[in-house]
There are 2 protein chains.
Amino acid sequence: MKEIEQRLTENGVRPTAMRILIYKYMAESEVAIALTDIENAFAKADRTTLFRTLKTFEQKGVVHQIDDGTGVQKYALCETGCNCELEQDLHLHFHCNNCNETVCLTEHKIPNINLPEGYVAEDANLVLKGICEKCSAQ
Amino acid sequence: MKEIEQRLTENGVRPTAMRILIYKYMAESEVAIALTDIENAFAKADRTTLFRTLKTFEQKGVVHQIDDGTGVQKYALCETGCNCELEQDLHLHFHCNNCNETVCLTEHKIPNINLPEGYVAEDANLVLKGICEKCSAQ
DNA sequence: AATTGTAGTGCAACGGAAGTGCATTTATTG
DNA sequence: CAATAAATGCACTTCCGTTGCACTACAATT
Ligand SMILES: [Mn+2]
Ligand SMILES: [Mn+2]
Ligand SMILES: [Zn+2]
Ligand SMILES: [Zn+2]
């Protein structure tokens, strides 16, 4: 609990009750989280608050956004000390076509790509799709 | 004109007037196309028709869908003989943060990635974002 | 050529998800 | 405590993708 408050404060996010709950919820999840997930988990709270919490978290580097190709924005907590802005720090994501869950593969960085003359890369997104660990074990 | 009809027929798509026009429009474009682009280009035609044309094209392997992270689905013609379904045939895409256009880099295949035990990849999407050739030349 | 069936097109409406303006509540600080 | 700033809640909007159903054009069949 205290660690969460500290983590948020460190990142310049005021640790309100709601924010701590959302952080906790995300920390306990092994998969990337969509706004609707949080909405379902905290039915009493207003969507807007949850939405803005995610945006604040993102902006302050508490979470990173994940575009897994489903058309729904997902989010996951950043590693401590991660620097999502840096191109090197970008890891790949895996989306399971079976259970529909998306996970961070933080160990797997996006390889360097040689671009044609004139192209300057600032950011990258690599998503693999297929069958996840859990689903293939069954 | 005749080539377009042939191409469509080959792929099991009946070459209606509208479809030929849309194909032509996409062939003349150097960048990936969104539904709204086509909508603007063919204001007389109905959205639904254009939408379904794209879906038909996609399903029959005439175009491939591109998720460039903007939240808007884009499409581009497939290379002749391309096999989008095959994992090896997947090329990367580049989205320009300046002009907002997305291009296929068909020469640049997505590199092979070692996944952790249990994960089976069936598909992949790699998008680089930054400044494109045209924009960096100015 | 008329009939029948199928595929394509148009209109209208729906639904999910992201986002915004503004009022209200809660926290901070002097 | 008053004054101020930040967070939350409600209502409403926009954008995009999608679907149901009616209508039309086309192709095959008799
Ligand atoms: Mn991640
Ligand atoms: Mn492409
Ligand atoms: Zn799975
Ligand atoms: Zn550009």
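Each chain gets a letter, A, B and so on, in the order the sequences are listed, and its residues count up from 1. As the structure is a prediction and not an experimental result, all values here were calculated from the model.
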J.: Ignoring backbone atoms, test whether B/Thr16 places a side-chain nitrogen or oxygen under 4.0 Å from the OP1 or OP2 oxygen of D/dA25.
T.: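 For D/dA25, neither OP1 nor OP2 has a side-chain N or O of B/Thr16 closer than 4.0 Å.
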J.: Round to a whole Å and report the spacing from CZ of B/Phe57 to C1' of C/dA7.
T.: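 Atom CZ in B/Phe57 sits about 15 Å away from atom C1' in C/dA7.
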J.: Rounded to the nearest 0.5 Å, what separation is found between the OG1 atom of A/Thr106 and the CD atom of A/Glu79?
T.: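 A/Thr106 OG1 to A/Glu79 CD: 4.0 Å, rounded to 0.5 Å.
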J.: Can you see if the side chain of A/Arg19 gets near the phosphate of D/dT8 - specifically, an N or O under 4.0 Å from OP1 or OP2?
T.: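 Yes, such a contact exists.
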J.: Rounded to the nearest Å, what distance is computed from the OH atom of residue A/Tyr23 to the P atom of nucleotide D/dA7?
T.: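 Answer to the nearest Å: 17 Å.
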J.: What is the distance from CG of A/Asp37 to P of C/dG16, rounded to the nearest Å?
T.: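 Atom-to-atom, A/Asp37 to C/dG16, this comes out as 15 Å.
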J.: Find the distance B/Phe42:CZ to C/dT9:P and express it as a whole number of Å.
T.: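 After rounding, the gap between these two atoms is 12 Å.
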J.: Hey, which sits more toward the 5' end of DNA chain D by its nearest nucleotide, B/Arg14 or B/Tyr75?
T.: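 The 5'-side residue here is B/Tyr75.
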J.: Tell me: CG of A/Leu54 to C1' of D/dA7, nearest whole Å?
T.: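 It works out to 15 Å between those atoms.
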J.: Any side-chain donor-acceptor pair under 3.5 Å between B/His95 and B/His93?
T.: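 No.
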J.: Tell me the interatomic distance from A/Glu5, atom CD, to C/dA27, atom P, rounded to whole angstroms.
T.: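 Roughly 13 Å, once rounded to whole Å.
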J.: Working to the nearest 0.5 Å, report the span between NZ of B/Lys134 and CG of B/Asn98.
T.: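 It is 11.0 Å, given to the nearest 0.5 Å.
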J.: For the hydrophobic clusters of this structure (ILVMFWY residues joined by side-chain heavy atoms under 4.5 Å, transitively), does one cluster hold both A/Phe94 and A/Ile66?
T.: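 The answer is no; the residues belong to distinct hydrophobic clusters.
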J.: For B/Glu39 and C/dG10, give me the distance from atom CD to atom C1', rounded to whole Å.
T.: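 For the pair B/Glu39 CD and C/dG10 C1', the rounded distance is 13 Å.
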J.: Can you see whether B/Asn97 engages A/Glu122 through a side-chain donor-acceptor pair at a distance of less than 3.5 angstrom?
T.: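 On atom types as modelled, these side chains qualify, holding a pair under 3.5 Å.
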J.: Summarise protein proximity over nucleotides 10-17 of chain D in one line of letters, 5' to 3': B for base, S for sugar-phosphate only, - for none, counting protein heavy atoms closer than 4.0 Å.
T.: BB-----B
J.: Hey, what else clusters with A/Ile131 if you join Ile, Leu, Val, Met, Phe, Trp, Tyr whenever side-chain heavy atoms sit under 4.5 Å?
T.: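 Members besides A/Ile131, by chain and number: B/Val120.
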J.: Measure from CD1 on B/Ile20 to C1' on D/dC26 and round the result to the nearest Å.
T.: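 Taking atom C1' of D/dC26 as the reference, CD1 of B/Ile20 is at 14 Å.
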J.: Can B/Tyr119 and B/Glu117 be counted as having a side-chain donor-acceptor contact under 3.5 angstrom?
T.: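 No donor-acceptor contact under 3.5 Å links the two side chains.
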